Chemist: 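Before anything else, here's the structure in question.
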Amino acid sequence: MDFEAFFKSELDSLHEEGRYRVFADLERHRGNFPRATRYVNGAPKDVTVWCSNDYLGMGQHPDVIEAMKTAVDHCGAGAGGTRNISGTNHYHVLLEQELADLHGKESALIFTSGYISNWATLGTLGQRIPNLIIFSDALNHASMIEGIRYAKCDRVIWKHNDLEDLEAKLAAADPRAPKLIAFESVYSMDGDISPIKEICDLADKYGAMTYLDEVHAVGMYGPRGGGIAEREGLMDRLTIIEGTLGKAFGVMGGYIAASAALCDFIRSFASGFIFTTALPPALAAGALASIRHLKVSQFERARHQDRVRRLRVLLDKSGIPHMPNPSHIVPVMVGDAAKCKWISDIMLDSFDIYVQPINYPTVPRKTERLRITPTPMHSDADLDHLVGSLHQLWSRCALARAVA
Ligand SMILES: *Cc1c(COP(=O)(O)O)cnc(C)c1O
């Protein structure tokens, strides 16, 4: 086989479908979030980032940076091993205690990413609990889907956020089979929020465990940044809460919070936890500082919501169609892959605004969009510039406007 030719032809088909991913080569500026330098053909150019998942700018918070520097000075660069073989650093232990407290659980367990935490936890539960059936929301993140696949257990996909469909599927399953319902709180592409309480009620009725991915909510919702379940007083109703340290907490890593026995079980059986080098101590120290800050500071959360509201008002005034939702994610709807990419390119090249286009398969075809994530650090002038640019491009591109 001509391997090179194979790779190239597969890539060609991505290009043809407009699905080939191009990375913006960025250098973020400490102390000047959300500004970054973009390198294009060797020539640097300043841009404003509008699609970061560092939702609160915590990746540049002085407490976080200081904690990471101190930890590097104390402990050096890497963890030096897996958690089991010399890699457990005191910062890991403190971080797990902090996360357990954040979610009101007995224990927490950290992983090298949110992706791995979903994959390893769901995979291990599905493999190890005899006859487990996992009921998975249709829009669950790729990492949950991959974990469930890897488990090779029975899985049932229920319609996104649809309680009737979930109940029908729970009722149709073998009443003796152990069950787990896996879902998210804030869904990343539409920004909608699941009915957590009602899903927990169904879980109780059918004796199922619950697994909630709060990746897009931790740090940002709830009085201590514990997520939507904290805000709604539901944390104790969830068997497992999963989160990331890489989005609102601004660093990197993932975790689950659950009972002591469940965390110990995953710690003891999950390949994706056991056979990999532990997070560098400095990352754990940075995450710890970020979580501690957001547990007590309301400023970032309040300002974040204020920026989101203001952006929506400006978009409405300009008739730019955006998907209404109760979260901080503002999907500006284009509905055409080529136009979406074109708008994003012009925004970057002519207006110094960076918003990555979101195309199929991340979202369904015809719902291509710009997923805009305002942060507490975007100024009124930034917002005006963003919406003014969109306004111009909407006219040039002959895109339909929302009816005011
Ligand atoms: C980003 C994301 C993850 C993965 O988290 P990482 O820490 O980035 O690996 C998991 N679930 C959802 C819903 C996500 O959007």
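We count ligands from 1, going down the list as the structure has it; atoms in each ligand are counted the same way. On a predicted model such as this, the values are computed, not experimentally measured, just so you know. By convention here, the first residue in the shown sequence is residue 1.
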Chemist: Output, or 'none' if empty, a list of ligand 1-protein atom pairs in which both atoms are N or O and the distance is under 3.5 Å, rounded to 0.1 Å.
Modeler:
| unit_1 | atom_1 | unit_2 | atom_2 | d |
| --- | --- | --- | --- | --- |
| ligand 1 | 7 (O) | G114 | N | 2.7 |
| ligand 1 | 7 (O) | T244 | OG1 | 2.6 |
| ligand 1 | 9 (O) | G114 | N | 3.1 |
| ligand 1 | 9 (O) | Y115 | N | 2.8 |
| ligand 1 | 11 (N) | D213 | OD2 | 2.7 |
| ligand 1 | 15 (O) | H216 | NE2 | 2.5 |
| ligand 1 | 15 (O) | K247 | NZ | 2.8 |

Chemist: Sequence neighbours left out, what pairs pass side chain to side chain donor-acceptor pair (under 3.5 Å) with at least one residue falling in residues 245-263?
Modeler: H103-Y255

Chemist: Please answer whether the main-chain N or O of A337 pairs with a side-chain N or O of R19 as donor and acceptor at a distance below 3.5 Å.
Modeler: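 Not confirmed, R19 side chain does not pair with A337 backbone.
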
Chemist: Taking NZ, NE, NH1 and NH2 as the nitrogens, is one of them in K179 or D154 under 4.0 Å from a carboxylate oxygen of the other?
Modeler: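 Judged by the 4.0 Å cut-off on N to carboxylate O distance, K179 and D154 do not form a salt bridge.
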
Chemist: State whether R237 and D201 are salt-bridged, where the test is any N-O pair (Lys NZ or Arg NE/NH1/NH2 against Asp/Glu carboxylate O) under 4.0 Å.
Modeler: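 Salt bridge between R237 and D201, a charged N being under 4.0 Å from a carboxylate O: yes.
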
Chemist: Run the salt-bridge test on R310 and D382 with the 4.0 Å N-O cut-off and return the result as yes or no.
Modeler: no

Chemist: Hey, can you tell me if H304 and H328 have their rings parallel, tilted or perpendicular (30° and 60° cut-offs)?
Modeler: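 Geometry flag for H328 against H304: tilted rings.
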
